[in-house]
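First the structure, in the form of structure tokens, and then the observations on it.
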Amino acid sequence: MGKVWILMVFMLVRMVSNVEGARKHPSSAKRIHTLFSVECQNYFDWQTVGLMNSYRKAKQPGPITRLLSCTDEEKNNYKGMHLAPTFEVPSMSRHPKTGDWYPAINKPAGVVHWLKHSKEAKNVDWVVILDADMIIRGPIIPWELGAEKGRPVAAYYGYLIGCDNSLAKLHTKHPELCDKVGGLLAFHIDDLRVFAPLWLSKTEEVREDRAHWATNITGDIYGKGWISEMYGYSFGAAEVGLRHKINDNLMIYPGYVPREGIEPILLHYGLPFSVGNWSFNKLAHHDDGIVYECNQLFPEPPYPKEVRQLELDPNRRRGLFLSLECINIINEGLLLQHAANGCPKPTWSKYLSFLKSKAYAELTQPKYVNPATLQMMEDIKEEHIDDGAGKPHPKIHTIFSTECTTYFDWQTVGLMHSFRRSGQPGNITRLLSCSDEDLQQYKGHDLAPTHYVPSMSRHPLTGDWYPAINKPAAVLHWLNHVNIDAEFIVILDADMILRGPITPWEFKAAHGRPVSTPYDYLIGCDNELAKLHTSHPEACDKVGGVIIMHIDDLRKFAMLWLHKTEEVRADRAHYARNITGDIYESGWISEMYGYSFGAAETLCSLFN
């Protein structure tokens, strides 16, 4: 009887185990394959090592394939064929017909080639497409994320403004179906087969449309057509009628703070990030052969204990821990790869000991999506906030713009000190505009919560030196890359001191009615300058300095702020003092006029 009982218990355990296994890794009817695209470069090799380590740690189901695009010459000298399961793809970095140099086209070209020539593509139901500069934190299972046949799941890329303007109308018959998505893509194989050729052809089409590369059309702050592949994706999907389930929670950039209750399962380190005085920027390691240099790692970040002391706010601390997790998983992957390469055992260090510790293993256990993380953007209902008695005030976020110089650092220290003493509600973010060279030498990462922005001090198209343009460019970049849960944004300058709270309810700011301070010297609002640069000169306000604006208004306005700044700056014929009020007649206050003229255009359109 005892043996029979043991057998029954064993069979019951097996049945429960099989049911649980089926939930996590269902039958062959739901086979998953993960893809990522790279080229034959050291830059992509260390990213591959990091992604592959995270793939194993996260227990991502199904095989993974690296789509490797190389020229014959590159392949002859390439050392990294062993870094990941690989499917070789002919390089299209230099377009075979046009001669255009655009390596990003290798992503759709690689997917098309894999679908057509890979045997594995014939034995899969779902495909997850990632970028190399990502870290997987937990299983990415398409149907658990909500993906269906005909409804892929994707992350939100809000800066693809071309979906809302003439660009979409030019490049797809169905502009109303254009989704601002990218990064994480989860597709049914049948949808991918129909869609992929159009992803490639639309990328070629947008890339050739140089007349529409401008920032105000594409959202690309460099205006060089670099995000043509992203538009190729969105326009191709629209063309075949694919509507995405868009999720703004699954993926996060290290350095950003996740919304409360959200558990991201993918880190995308496409932007610089920092923890205290430690920082990391992937572009600074473009030619780094660290994969092949025994026991060489990226600089070690602070330890968790230090971060707990550095940041008391639990949610911001969670954001810092995500940054640590990202770089630590890359470094752990490098250690494992060095061992596989036959490198000698590394010398003991505190950091190596940490990467092998139980505490680190627990911190990097697979994460699983929760209901809040799975909420799609289309399901989010806007909450009505009433400023009346007994109702909660709207959330506020304060921002200010600086550059990587000591001149702005001491101003930042003063402003941050005043922010803490003033009782200003909500969070504050420094928008830090730096060149890659400046960022490598910069020491002030820990002076304020920071969003890093590519510098436009030297204009990428005109070569004009005008650092003041970084303010609207940084605001636009922040809006397009950060999950913002505030309803009102307060914009300050670094050379300011807060003496008390600046709130929309105190100063009567409202949707469609921003509040600002008078700048009476902007006489161009009253003369021909306004008539030249806005179709609504009567709406030009002489304002600046402190700005309180509803987030929806700012999203509509920020691009015009940047565009009008460029326009006024280029209008050298009207720099004169009697036209602009600029005593130096150097066009230095072009950004201020860019603000006033952009606001005149935007706010008039809101009311008409």
Side-chain angles (χ1 to χ4, degrees), residues 31-52 55 60 62-124 126-134 136 152 182-208 225-233 235-237 270 286 291:
R31 299 162 297 183
I32 305 173
H33 201 115
T34 303
L35 301 176
F36 67 103
S37 174
V38 302
E39 297 152 44
C40 285
Q41 297 173 10
N42 288 339
Y43 177 63
F44 286 107
D45 285 356
W46 63 258
Q47 294 177 41
T48 295
V49 166
L51 178 58
M52 289 303 299
Y55 164 83
Q60 171 69 5
I64 188 170
T65 296
R66 172 180 63 163
L67 305 179
L68 183 64
S69 302
C70 306
T71 64
D72 293 337
E73 183 180 358
E74 287 172 335
K75 188 180 172 184
N76 289 336
N77 300 309
Y78 185 59
K79 298 182 287 186
M81 292 301 296
H82 61 300
L83 299 180
T86 298
F87 185 76
E88 295 181 45
V89 178
S91 174
M92 277 189 68
S93 295
R94 178 75 65 192
H95 197 282
K97 293 182 179 178
T98 66
D100 177 43
W101 177 257
Y102 184 56
I105 201 173
N106 285 312
K107 185 175 181 180
V111 171
V112 169
H113 194 81
W114 179 78
L115 287 169
K116 187 175 181 180
H117 298 285
S118 171
K119 293 180 181 178
E120 290 183 309
K122 296 176 174 61
N123 297 295
V124 63
W126 294 91
V127 179
V128 175
I129 303 176
L130 305 177
D131 290 331
D133 58 346
M134 290 179 170
I136 307 171
L184 164 63
L185 308 169
F187 260 95
H188 192 277
I189 187 67
D190 293 345
D191 295 332
L192 188 59
R193 288 189 186 283
V194 172
F195 155 72
L198 272 166
W199 183 6
L200 176 57
S201 64
K202 289 294 178 182
T203 298
E204 294 174 307
E205 190 179 299
V206 177
R207 180 67 183 173
E208 291 173 11
W226 194 252
I227 59 177
S228 299
E229 174 272 317
M230 298 178 188
Y231 279 114
Y233 178 93
F235 296 158
H286 205 281
V291 172

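As the structure is a computational prediction, the values presented were derived from the model and not from experiment.
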Item to complete: Apply side-chain contact (heavy atoms from CB on, under 4.5 Å) to L198 and F235, showing your working.
Response: CA-CA 8 Å; L198 272 166; F235 296 158; over 6 Å; no
Discussion item. Go through it in stages, so that I can follow the logic: the residues are Y102 and W226, the test is ring pair (Phe, Tyr, Trp, His ring centres under 6.0 Å), and I'd like the CA-CA distance, side-chain angles, deciding distance and then a yes or no.
Written reply: CA-CA 8 Å; Y102 184 56; W226 194 252; 5.4 Å; yes
Practice prompt. Show your working on side-chain contact (heavy atoms from CB on, under 4.5 Å) between L130 and I64 and close with a plain yes or no.
Written response: CA-CA 10 Å; L130 305 177; I64 188 170; 5.8 Å; no
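More than 12 non-hydrogen atoms from other residues, nucleotides or ligands lie less than 6.0 angstrom from CG of N76. K97 NZ: 12 or fewer foreign heavy atoms inside a 6.0 Å radius.
When side chains are defined from C-beta on, E39 does not count as touching S91, because their heavy atoms never get closer than 4.5 Å. A 4.5 Å side-chain heavy-atom check between Y233 and K202 finds every atom pair outside the cut-off. Looking only at side-chain heavy atoms (C-beta outward), V127 and L115 stay at 4.5 Å or farther from each other. Residues E88 and M81 form a side-chain contact, since some pair of their non-hydrogen atoms from C-beta on lies under 4.5 Å apart. Annotation: side chain of T48 is in contact with side chain of F36 (closest heavy-atom distance under 4.5 Å). Looking only at side-chain heavy atoms (C-beta outward), I105 and D100 stay at 4.5 Å or farther from each other. The side-chain heavy atoms of Q47 and V38, taken from C-beta on, include no pair separated by under 4.5 Å. The shortest distance between side-chain heavy atoms of V124 and I32 does not fall below 4.5 Å.
Here E204 does not pair with R207 in a salt bridge; the nearest charged N to carboxylate O distance is not below 4.0 Å. Salt bridge absent: D45 and K79 never bring a charged side-chain N and a carboxylate O closer than 4.0 Å.
Residue K107 holds its NZ atom at 13.5 Å from CG of L200, rounded to the nearest 0.5 Å. To the nearest 0.5 angstrom, H286 atom NE2 is 5.5 Å from Q41 atom CD. Note that the CE atom of M92 and the OG1 atom of T203 stand 9.5 Å from one another [nearest 0.5 Å]. To the nearest 0.5 Å, atoms CG (L68) and OH (Y78) are separated by 5.0 Å. Of the inter-residue distances, the one linking F44 atom CZ with N106 atom CG reads 8.5 Å to the nearest 0.5 angstrom. Between W126 atom CH2 and D190 atom CG the span is 9.5 Å, to the nearest 0.5 Å.
Taking every heavy atom of both residues into account, A109 and V89 meet most closely at O-CG1, 4.3 Å. Nearest heavy atom pair, residue V111 against residue L67, reads N-CD1, 3.7 Å. Closest non-hydrogen pair, E229 versus P108, comes out as CG-CD, 3.7 Å. Listed here is the closest heavy atom pair of A132 and L51: O-CB, 3.9 Å. When all heavy atoms of M52 and P85 are compared, the closest pair comes out as CE-CD, 3.7 Å. G270 approaches D133 most closely through the heavy-atom pair CA-OD2, 3.6 Å.
Note: H113 and H117 have tilted aromatic rings, judged against thresholds of 30 and 60 degrees for the angle between ring planes.
Between E208 and T98, the side chains place no donor N or O within less than 3.5 Å of an acceptor N or O (distance only, hydrogens not considered).
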